[in-house]
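Basis for what follows: all heavy atoms, side chains included, without hydrogens, waters or symmetry-related copies. Naming convention: chains lettered A, B, ... in sequence-line order (proteins, then strands); numbering from 1 in each chain.
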2 protein chains.
Amino acid sequence: MNSARTFGHEVRTLATPSAVPVVFIVDDDVSVRESVELLVRNENWKPEPFASAQEFLSHPRTRVPSCLVLDLSLPGQNGLELQKQLSLQHIDMPIIFITGYGDVPKSVQAMKAGALEFLTKPLDYNALVNAIRKALERSRLALAQDAEMQELRTRYALLTSREHQVMTLVVSGLLNKQVGGELGISEITVKAHRRQVMQKMKANSLADLVKMASKLRPGRPAIDLT
Amino acid sequence: MNSARTFGHEVRTLATPSAVPVVFIVDDDVSVRESVELLVRNENWKPEPFASAQEFLSHPRTRVPSCLVLDLSLPGQNGLELQKQLSLQHIDMPIIFITGYGDVPKSVQAMKAGALEFLTKPLDYNALVNAIRKALERSRLALAQDAEMQELRTRYALLTSREHQVMTLVVSGLLNKQVGGELGISEITVKAHRRQVMQKMKANSLADLVKMASKLRPGRPAIDLT
DNA sequence: CCACAGGCAATACCAAAGTATAATGGACGC
DNA sequence: GCGTCCATTATACTTTGGTATTGCCTGTGG
């Protein structure tokens, strides 16, 4: 009986385990697109080639692991600009840059902006495959975490403002009576709110709730990408 | 009375607020060392010039905010090798690379390994100053977090193995009686251990303890720097 | 106007957590 | 052997948390 433990929100939904990863390819050079496409197909991924940033952006978003093989120099919006735009739109897709003209400042800029890899032509088959593999793996992780965060935020949004306040104070370690004191309400009312919070957040224990709160408001950003 | 809240381990010691930041400079070219030294002095930081990686490594570690301005190509151990060595030794010092011969693969490698900036000669005064400023700011943060983690780990090390077990199960959300069931001991014994855990960890509440446990064992590494 | 949701509060009761105190036995080191 | 630390358990009691049920008030929207 004591072996039947439940771990609340730790039970995460697997993110489409059977989905075929998609590799977006943005390059104005047809021959490059085709060779990368071939490579992608060889590895049993799905290639999605585009000749410009605009074309790529007009493509609908998917919900499968994916990454972007991006040419640095493009007609119209160039690779770095596209990278920035994706970042601004909070589209977290791993990017592998490819370029014919090595340019240290641009490569550094790309890497600082979070690019996963920066390869120069002529492309090394293995290097590109490995980079894509790693990118897709990261994408998988990001998708899973994203789904979890989405779930959490959805539940959190269901709380009333009072319940938000109570939750904040409770996970800060205050006793019910102290929460009541802070908010100017009675302890029994705090209990009622607290109960609602636990139910709406689907928390099985206070420990659970504290962990959820930590995820909802990361005190320290993992890394600052200024 | 209710305004006198305590937040346990959240009270962190300020990391030497008045310490002068140190900028280590490693370059085999005397003129570069001198010009960077001048720049550093102008900004009221303390320069520490070295002509080689070996010299730098033999210098004693300090406990003040610091960063490293590092030439890519050096006699003996080169910049990238030094970066790797520091990483292996878990010496987390922000690195700003400088180099005369732009090399995209090397710059990418450096950035992937966590370099903060990668500048090419001739050095732009403002770019370098800004990079150093950001590096020192990051160093300050890292030092503070490091000190906090050190504190936590020290306290955690004071727990007996039984107390470790109890803490783990408690922060996973189990009730005392359930913890007792898991460990095959009585509830009252769990209470005794739990009490010890709270005292030794200096936790003011269960919420506090859960947060500490989260910091001690990051379920998901913030970023994987493979 | 009425139904409904949110916020508040009370009584009453049970479960769990925390505190105080004490006691036993094993392991370890001096 | 003796002191110390660890682990264990017990009794007895207080505080806090959780649940059930009920009631009132208010604003919102059909």
Side-chain angles (χ1 to χ4, degrees), chain A residues 1-9 153-213, chain B residues 1-9 153-213:
Chain A
M1 189 243 275
N2 57 14
S3 67
R5 269 191 255 152
T6 57
F7 281 97
H9 68 291
R153 272 193 273 262
T154 301
R155 291 186 206 150
Y156 191 68
L158 290 179
L159 302 186
T160 67
S161 60
R162 213 29 154 184
E163 287 160 358
H164 282 150
Q165 294 174 324
V166 170
M167 174 168 166
T168 300
L169 296 177
V170 164
V171 299
S172 84
L174 296 193
L175 303 178
N176 285 341
K177 68 162 67 168
Q178 293 174 310
V179 174
E182 289 285 325
L183 299 178
I185 59 182
S186 78
E187 184 185 347
I188 190 69
T189 308
V190 173
K191 285 186 182 180
H193 289 312
R194 185 170 178 160
R195 181 190 172 79
Q196 282 287 88
V197 169
M198 295 295 285
Q199 278 192 357
K200 288 185 179 176
M201 296 300 290
K202 294 185 180 159
N204 292 317
S205 62
L206 175 59
D208 237 29
L209 194 69
V210 172
K211 290 171 196 164
M212 290 182 191
Chain B
M1 188 245 275
N2 56 14
S3 67
R5 271 192 253 151
T6 56
F7 282 97
H9 68 294
R153 273 192 273 263
T154 301
R155 289 187 208 149
Y156 191 68
L158 289 179
L159 301 187
T160 67
S161 60
R162 213 28 155 189
E163 287 160 359
H164 282 149
Q165 294 174 325
V166 170
M167 175 168 165
T168 300
L169 295 177
V170 163
V171 300
S172 84
L174 297 193
L175 301 178
N176 285 342
K177 66 162 69 168
Q178 292 174 309
V179 174
E182 289 284 326
L183 299 178
I185 57 180
S186 77
E187 184 186 347
I188 189 70
T189 309
V190 173
K191 285 187 183 181
H193 288 313
R194 186 171 179 159
R195 183 187 171 78
Q196 282 287 87
V197 169
M198 295 295 285
Q199 279 192 357
K200 288 185 178 176
M201 296 300 292
K202 293 185 181 158
N204 293 317
S205 63
L206 175 59
D208 237 29
L209 195 69
V210 172
K211 291 171 197 164
M212 290 183 191

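- For the pair A:Q178 CD and D:dT16 C1', the interatomic distance rounds to 11 Å; values are reported in whole Å.
- Residues A:M167 and A:L209 are in side-chain contact: their nearest non-hydrogen atoms beyond the backbone lie under 4.5 Å apart.
- Considering only side-chain N and O atoms, A:T160 lies under 4.0 angstrom from the phosphate OP1 or OP2 of C:dG7.
- Side-chain contact between B:Q199 and B:R195: present, with at least one pair of heavy atoms (C-beta onward) separated by less than 4.5 Å.
- Pairing analysis of DNA chain D (Watson-Crick: purine N1 to pyrimidine N3 plus N6-O4 or O6-N4; G-U wobble: N1-O2 and O6-N3; both under 3.5 Å) yields stems of 3 or more pairs at C:1-30 with D:1-30.
- Heavy-atom nearest nucleotides on DNA chain C were determined for A:A192 and for B:A192, and the one closer to the 5' end corresponds to A:A192.
- For B:T189 and D:dT9, the shortest distance from a side-chain N or O to OP1 or OP2 is below 4.0 Å.
- Among the protein residues, A:I188 comes within range of the nucleic acid bases, having at least one heavy atom under 4.0 Å from a base atom.
- When the C1' atom of D:dG17 is taken as reference, atom CG of A:L174 falls 15 Å away, rounded to whole Å.
- Between B:R195 and the phosphate of C:dA20, there is a side-chain N or O to OP1/OP2 separation shorter than 4.0 Å.
- Checking D:dT8, D:dT19, D:dA10 against every side-chain atom of A:K191, the shortest atom distance belongs to D:dT19.
- Each ring pair (Phe, Tyr, Trp, His ring centres under 6.0 Å) pair with one or both residues in residues 160-211 of chain B, not counting sequence neighbours, appears once here: B:Y156-B:H164.
- What separates CE of B:M198 from P of C:dG18 is a distance of 7 Å, to the nearest Å.
- Distances shown here put every side-chain N or O of A:S186 at or beyond 4.0 Å from the OP1 or OP2 atom of C:dC8.
- With rounding to the nearest 0.5 Å, the separation of CG in B:D208 from CE in B:M198 is 7.0 Å.
- Between the P atom of C:dG18 and the NZ atom of B:K177 lies a distance of 15 Å, rounded to the nearest Å.
- What separates CG of B:L209 from C1' of C:dG18 is a distance of 15 Å, to the nearest Å.
- Contact annotation: A:N176 reaches the phosphate of D:dG17 (side-chain N/O to OP1 or OP2, under 4.0 Å).
- Atom CG in B:N204 sits roughly 13 Å away from atom P in C:dG18 (whole-Å rounding).
- B:L158 places none of its side-chain heavy atoms less than 4.5 Å from the side chain of B:E163.
- Rounded to an integer number of Å, the gap from CD of B:Q199 to P of C:dG18 is 12 Å.
- The closest side-chain heavy-atom distance from A:M212 to A:V197 is not below 4.5 Å.
- Taking only side-chain nitrogens and oxygens, B:R194 comes nearer than 4.0 Å to OP1 or OP2 of C:dG18.
- Side-chain contact check for A:R162 versus A:L183: some heavy-atom pair is nearer than 4.5 Å.
- Taking atom CD of residue B:E187 and atom P of nucleotide D:dA12, one finds them 16 Å apart after rounding to whole Å.
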